[in-house]
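Any value given below was found using the heavy atoms of this structure, including those in side chains, with hydrogens, waters and symmetry copies removed. Order of appearance sets the numbers: ligands from 1, and atoms from 1 within every ligand.
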Amino acid sequence: QAKVAGKNCYRFYSRAMDQAVERRVHLEHELRGAWDRGELSLVYQPVFRLADGKMVGAEALLRWKHPEQGLIAPSVFIDVAEQSGLIETLGPQVLRAACEDAVSWRDTRVGADPMFVSVNVSPRQLRSGDLPNVVAACLRETGLPAQQLHLELTETAVIGDEVHASSLLSRLRASGVKVWLDDFGTGFSGLSHLRRVPVDGVKIDRSFIADVLRDPDDLALTTAIIAMAHSLGIIVVAEGVEKEGQYAVLRERGCDLAQGYWLGHPVNAQEFLVLLG
Ligand code: C2E
Ligand code: MG
Ligand code: MG
Ligand code: MG
């Protein structure tokens, strides 16, 4: 009896797995031509400075509008792009598009402070080693000043290869580009990385911000991250600000920048131009 159940169970499991693998292979195939078919686009989420409430930049976030499946979350397809190596062509395309858009913001805001654009870079893009050249070419060709480009890396991108990562990041930072550590606090040894990996800022993961008003531990950790970062000369960005109270407490604790649904949802490039006024 048990054997039969076990067998059925195994077969069911295996079929589910086959389906998952199949779906992945299929997605990868479709993702390959998605950029050229115009299915991929960037949305921009505004980033605000807490000291004066001014919008100072935006994070570029990729969206895939699949013809049959509709909107597919980057948490699904970025992983596919990363595993398959597709990210090595997609990454530079994203970077290029974001820089072009940021140049157009500058043109609409004559006299106003220039806005930065912040672009997510996946571990594989960093590991390829080509990133400083790709970034340099992109800035040269689009005319975006290096100071207006920020790159967001996750801790997993630097883990295990701190020496290589540090030298790449140093080259990027020497060119004037700012580097932020994304999803900060979720990794195993965030603090020790800051000693060895040169970055300009950390983005506190939104899981900390989510409970900052209810959970004293999350508030303590957030406050500690801010103090520690500042003592190292690093700026702090909070992500996932969904309530006014979170904004207020972050501001009170000296957090530098913030983004989140309470401040502004990600919007497409045209809508973002409207936000700029
Ligand atoms: P991330 O870089 O940490 O981006 C922040 C995510 O939080 C975004 O999800 C954003 O839409 C979402 N978010 C913003 N404000 C709030 C809020 O107040 N509440 C909540 N619950 N969520 C908020 P999204 O766009 O789905 O992106 C997910 C992840 O996919 C990103 O996390 C980033 O790691 C990755 N990603 C997105 N675009 C790119 C890209 O162009 N290249 C690479 N390599 N990764 C990307
Ligand atoms: Mg990010
Ligand atoms: Mg993040
Ligand atoms: Mg996050």
To the nearest 10°, how many degrees is the angle Asp182 OD2 to the Mg ion (ligand 2) to Glu59 OE2? 180°

Look at Asn120 and state whether any of its N, O or S atoms is less than 2.8 Å from the Mg ion (ligand 2). yes

At a threshold of 2.8 Å, where the distance has to be below it, does the Mg ion (ligand 2) have an N, O or S atom of Asp183 nearby? no

Run through Ile234, Ile235, Leu151, Leu232 and flag the one making a side chain to side chain contact (heavy atoms under 4.5 Å, CB included) with Val199. Ile234

Has [X] got a side-chain atom pairing as donor or acceptor with [Y]'s backbone, closer than 3.5 angstrom?
| X | Y | result |
| --- | --- | --- |
| Asp183 | Thr186 | no |
| Glu88 | Gly85 | no |
| Glu242 | Ala210 | no |
| Asp200 | Lys178 | no |
| Gln246 | Ile209 | yes |
| Glu155 | Asp182 | no |
| Glu39 | His66 | no |
| Arg37 | Glu30 | yes |

Of all the atoms in ligand 1, which lie at a distance below 4.0 Å from a heavy atom belonging to [X]?
| X | answer |
| --- | --- |
| Gln45 | 14 (C), 15 (N) |
| Val94 | 41 (O) |
| Pro266 | 11 (O) |
| Asp183 | 3 (O) |
| Glu242 | 17 (C), 18 (O), 19 (N), 20 (C), 21 (N) |
| Gly240 | 16 (C), 17 (C), 18 (O) |
| Glu239 | 3 (O) |

Out of [options], whose heavy atom sits nearest [atom]?
| atom | options | answer |
| --- | --- | --- |
| atom 42 (N) of ligand 1 | Val76, Asp205, Asn120 | Asn120 |
| atom 26 (O) of ligand 1 | Pro74, Ala73, Ala97 | Pro74 |
| atom 17 (C) of ligand 1 | Phe184, Trp262, Tyr261 | Tyr261 |
| atom 8 (C) of ligand 1 | Leu71, Leu61, Val43 | Leu61 |

Are a donor atom and an acceptor atom from the side chains of Glu59 and Gln45 found within less than 3.5 Å of each other? no

Mind checking whether Asp182 contacts ligand 1 via backbone (N, CA, C, O), side chain (CB onward), both or neither, at a 4.0 Å heavy-atom cut-off? side chain

Residue Glu152 atom name (nearest to the Mg ion (ligand 2); N/O/S): OE1

Scan the side chains in residues 216-229 for donor-acceptor partners under 3.5 Å anywhere in the protein, sequence neighbours excluded, and list what turns up.
{"residue": "Thr222", "atom": "OG1", "partner": "Asp218", "partner atom": "O", "Å": "2.8"}
{"residue": "Thr223", "atom": "OG1", "partner": "Leu219", "partner atom": "O", "Å": "2.7"}
{"residue": "Thr223", "atom": "OG1", "partner": "Arg253", "partner atom": "NH1", "Å": "3.2"}

Side-chain atoms of residues 137-144: list all donor-acceptor pairs with protein atoms under 3.5 Å, sequence neighbours left out, distances to 0.1 Å.
{"residue": "Glu141", "atom": "OE1", "partner": "Arg96", "partner atom": "NH1", "Å": "2.6"}
{"residue": "Thr142", "atom": "OG1", "partner": "Cys138", "partner atom": "O", "Å": "2.8"}
{"residue": "Thr142", "atom": "OG1", "partner": "Leu144", "partner atom": "N", "Å": "3.4"}

Examine ligand 1 and decide if any of its atoms is less than 4.0 Å from a heavy atom belonging to Glu59. yes

Do any heavy atoms of His265 fall under 4.0 Å from ligand 1? no

Would you check the N or O atoms of Gln259, main chain and side chain alike, for any that come under 3.5 Å of an N or O of ligand 1? no

